[in-house]
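Comments concern the structure below.
Since the structure is predicted, the reported quantities are computational estimates derived from the model, not experimental observations. Note: hydrogens, waters and symmetry copies are ignored here, and every other heavy atom, side chains too, is used. Just so we're on the same page: letters track the sequence lines, and every chain starts at 1.
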2 protein chains.
Amino acid sequence: MKRKIKTMEEFAEVSGISRPTISKYFNDPESVRRSTRDRIEVALEAYSYRPNIFAINQNRKLTKTIGIVVPYLADPFFAEIVRLMERRCMDAGFSPMIFSAHGEQRLENDALAALQSQRPAGALIAPLGRHSDFESVRRFTEEVPTVVFDSNIKVGEAFVGSDSFQSIPLIVDYLCRSGEPPCFLEMPPVNPNANKRRDAYILAMERLGHDPKVIRVDGNGWDFERIGMDEGTRLISKKELPSETVLCSNDRLAIGFIAAAYQQGLRVGHGAGCALRVAGHDDHPWARFTCPPLTTVAQDYSAIVDRSVEKLFDLIENGRTEEERLEVLIECKLVLRSSA
Amino acid sequence: MKRKIKTMEEFAEVSGISRPTISKYFNDPESVRRSTRDRIEVALEAYSYRPNIFAINQNRKLTKTIGIVVPYLADPFFAEIVRLMERRCMDAGFSPMIFSAHGEQRLENDALAALQSQRPAGALIAPLGRHSDFESVRRFTEEVPTVVFDSNIKVGEAFVGSDSFQSIPLIVDYLCRSGEPPCFLEMPPVNPNANKRRDAYILAMERLGHDPKVIRVDGNGWDFERIGMDEGTRLISKKELPSETVLCSNDRLAIGFIAAAYQQGLRVGHGAGCALRVAGHDDHPWARFTCPPLTTVAQDYSAIVDRSVEKLFDLIENGRTEEERLEVLIECKLVLRSSA
DNA sequence: ATGAAATTTTTACTCCCGTAAAATTTAAAC
DNA sequence: GTTTAAATTTTACGGGAGTAAAAATTTCAT
């Protein structure tokens with residue numbers, strides 16, 4: 001015949017413990033004496049009361065919420081990163097809150113506004129990049145301790161991402177050593193990474209004494225596979241490829257390109273009888289399931305997540321310091337499969 | 001020299017309008033006279049004030065939050081559904097909140113608890129299914145108006161999903177008519193859909209006078225592609241496939257299976273010189289980029305989202321009725337590509 | 001048992017906004 | 001220029017928990 005407990009006041013009553021102590025308990029169970037903790041927990045089982053989160057956050061300067069914002073959640077790269085980040089945050093006692101910009105500036109701004117209204121303790125954001133409303137994002141980071149990842153726009157307390165100038169030479173070297181030097185397939189860059197990759201490609205090729213060949217195809221939006229397939233089809237059928245080795249700006253583009261090659265009857269791979277070698281970048285979760293499996297450069301998902309989250313926790317605990325903005329560049333690893 | 005406006009009281013002061021009216025404005029801008037609305041909006045630009053969401057929700061019986069819970073966000077099917085749902089909710093003036101169970105019962109329960117503590121106006125949930133803590137989910141739906149989608153466990157006010165007994169016959173018929181009758185490749189079912197699909201397969205085959213052949217492979221978790229590839233490799237190399245036409249329980253499994261076939265040197269497709277036909281189910285976003293492109297049955301993403309969201313809005317507006325639980329089954333469409 | 005230290009209880013104020021009721025002002029209608 | 005209806009202002013309370021300060025109690029070592 002348990003009555004419904006709605007407030008902490010009521011719970012204090014039925015548990016026989018004063019409200020301030022109950023409050024202390026919920027903020028940190030270790031902060032009350034063992035015996036009272038036990039009494040509270042017994043009552044808790046009997047009445048299953050949970051404090052009202054809105055009332056809690058109303059008085060707290062900083063909540064336990066951590067915002068995670070990505071440019072496109074349906075991209076498996078971000079889906080996977082978010083998955084790992086969410087886990088880390090929960091393990092540390094925070095409540096992650098996920099937002100996606102769906103590739104649109106307006107929605108990114110909306111997401112940041114919605115997040116900010118939650119007064120989060122901190123935020124992990126991968127900005128749209130080129131399409132971000134820079135001022136908007138900067139204003140956000142003024143109010144909320146923020147670690148930026150993946151796409152390095154110069155806001156927030158820190159950046160964590162992969163080092164294109166390390167990763168691209170890896171794959172370029174390999175491709176040059178094992179066959180015809182690659183051309184570079186890119187689409188209009190959605191973020192700074194895309195530019196860095198192209199620049200890194202050019203640099204790497206020149207270092208090796210080869211002539212860099214960049215193919216910029218059309219297409220916008222986040223349908224990378226479709227762009228890779230459509231433009232790949234066009235390039236192949238019109239024989240406009242300057243090299244039989246194609247390094248794609250990212251794996252999703254490569255997946256589309258491989259599909260195009262397949263449909264045109266070109267065999268992709270490094271073996272005998274193959275007409276084309278294709279490589280990507282990122283080691284997307286699906287890269288190992290292409291036909292043939294994709295040779296690529298793997299971003300270190302765990303490291304990106306770990307470093308980002310660590311830095312954010314540090315910011316939350318110790319506050320912002322006057323130190324210079326931290327930039328963590330993480331090494332990538334070459335992943336050799338059979339596409340190149 | 002604008003001072004920081006933190007409360008509605010202060011904003012009322014600087015805008016020269018009373019607080020209750022400001023409050024009305026934020027609840028519905030149309031509810032105040034044109035002239036005052038203008039005055040408020042002018043002040044709003046000058047001071048960029050936003051009401052504190054916690055204080056708001058503390059007093060409202062029902063918030064503007066809508067929870068979206070999926071079993072695995074990194075699955076492109078759910079990523080896409082979530083994307084569409086989020087959009088619809090925002091357009092209707094709600095704040096969607098996304099949760100993923102990451103395939104684990106404990107995390108599903110955590111997500112539901114976290115969501116419930118937000119006192120959402122309603123929830124759209126795709127339960128884990130077989131691995132759901134049924135009682136937990138049921139309790140949740142008692143407190144929160146809920147539409148269940150994709151996986152029909154019998155809780156909540158309504159279910160919206162695809163009709164396996166309509167979709168599977170479509171593809172079975174087609175496969176039988178165009179070649180050898182298919183065997184059915186499934187993994188241990190993660191949700192009721194998987195069972196229905198198998199049963200529908202058996203039924204469809206029997207109707208056509210063929211002998212149904214179900215292959216149940218091992219594997220758990222949500223790495224469907226990996227399971228499809230590993231088990232496909234095994235089945236092919238050991239020649240254990242009872243038919244040269246393979247209908248996979250879902251597209252992700254099929255993607256893995258196709259990769260396996262490719263690596264074993266088997267040509268997939270319906271043309272001459274092809275050793276194997278492979279078909280899937282769902283029309284995942286990546287299905288068109290397999291090699292060869294995947295023949296499958298398309299779930300109607302928009303319809304699923306539309307119907308779910310409509311019903312939820314109806315529930316929120318009109319409250320729960322005593323009517324029977326609504327079950328909406330949406331038709332699928334055959335998508336013929338070249339894999340079968 | 002005694003004193004000191006650690007906890008808990010009491011009391012009371014704060015956070016920021018929703019909202020109801022009564023009083024007042026404004027706008028529209030005739 | 002009334003009359004009326006509509007909108008706004010005033011005033012006041014409530015929601016549920018954080019938190020500070022002082023008083024009371026418990027714990028533990030000596």
Checklist entry - Can you list the residues that meet the side chain to side chain donor-acceptor pair (under 3.5 Å) rule with A/Glu104, with sequence neighbours excluded? => result B/Arg87

Checklist entry - Nearest-Å distance, CD (B/Glu9) to P (D/dT10)? => result 11 Å

Item to check | Whole-Å gap separating P (C/dG18) and NZ (B/Lys64) | outcome: 13 Å

Checklist entry - Excluding sequence neighbours, so at least two apart, what forms side chain to side chain donor-acceptor pair (under 3.5 Å) with A/Tyr49? => result none

Next on the checklist: Please report the distance, rounded to the nearest Å, between CG in A/Asn59 and P in C/dC16.
Outcome noted: 8 Å

Checklist entry - Given D/dA17, is OP1 or OP2 found less than 4.0 Å from the side-chain N or O atoms of A/Tyr49? => result yes

Strictly under 3.5 Å: I want the nitrogen or oxygen pairs between protein and nucleotides 6-8 of chain C, one per line.
{"from": "C/dT7", "atom 1": "O4'", "to": "A/Arg33", "atom 2": "NH2", "distance (Å)": "3.1"}
{"from": "C/dT8", "atom 1": "OP1", "to": "A/Arg33", "atom 2": "N", "distance (Å)": "3.0"}
{"from": "C/dT8", "atom 1": "OP1", "to": "A/Thr36", "atom 2": "OG1", "distance (Å)": "2.5"}

Checklist entry - Residues in side chain to side chain donor-acceptor pair (under 3.5 Å) with B/Glu13, at least two apart? => result B/Arg3

Checklist entry - How long is the line joining CZ of A/Arg119 and P of D/dG18, in whole Å? => result 16 Å

Table please: side-chain donor-acceptor pairs of residues 16-23 of chain B below 3.5 Å, with sequence neighbours left out.
{"from": "B/Ser18", "atom 1": "OG", "to": "B/Thr21", "atom 2": "OG1", "distance (Å)": "3.0"}

Checklist entry - Can you tell me how far P of D/dG16 sits from CD1 of A/Ile5, to the nearest Å? => result 12 Å

Checklist entry - By side chain to side chain donor-acceptor pair (under 3.5 Å), which residues pair with A/Glu86, not counting sequence neighbours? => result B/His102

Checklist outcome for this item: So the ring-ring contact (aromatic ring centres under 6.0 Å, His included) pairs with at least one residue in residues 128-156 of chain B (sequence neighbours excluded) are none

Checklist entry - Given A/Lys311 and A/Asp314, is the salt bridge (Lys or Arg N to Asp or Glu O under 4.0 Å) satisfied, shown in steps? => result CA-CA 5 Å; A/Lys311 177 61 186 170; A/Asp314 174 59; 3.7 Å; yes

Item to check | Partners meeting ring-ring contact (aromatic ring centres under 6.0 Å, His included) with A/Phe94 (sequence neighbours left out) | outcome: A/Phe313

Item to check | Nearest-nucleotide pick for A/Met8, side chain only, options being C/dG18, C/dC16, D/dG18 | outcome: D/dG18

Next on the checklist: Under 4.0 Å, heavy atoms only, any strand: does B/Ser23 hit a base, just the sugar-phosphate, or nothing?
Outcome noted: base

Checklist entry - Got a donor-acceptor pair under 3.5 Å from the side chain of B/Arg60 to the base of D/dG15? => result no

Next on the checklist: Please report the end-to-end axis angle for the helix from C/dA1-D/dT30 to C/dC30-D/dG1, five pairs per end, rounded to 10 degrees.
Outcome noted: 0°

Item to check | Integer-rounded Å distance: C/dG18 P and A/Gln58 CD | outcome: 11 Å

Checklist entry - Is the backbone N or O of B/Asp150 less than 3.5 Å from a side-chain atom of B/Asn193, with the two atoms forming a donor-acceptor pair by type? => result yes

Item to check | Whole-Å distance separating the CD atom of A/Glu10 from the C1' atom of D/dA17 | outcome: 13 Å

Checklist entry - Within the modelled atom types, does a donor on one side and an acceptor on the other bring the side chain of B/Arg19 and the base of C/dG18 under 3.5 Å apart? => result yes

Next on the checklist: Heavy-atom nearest nucleotide on DNA chain D for B/Pro20 versus A/Asn57: which residue maps closer to 5'?
Outcome noted: B/Pro20

Next on the checklist: Output the rounded distance in Å from CD1 (A/Ile22) to C1' (D/dT19).
Outcome noted: 15 Å

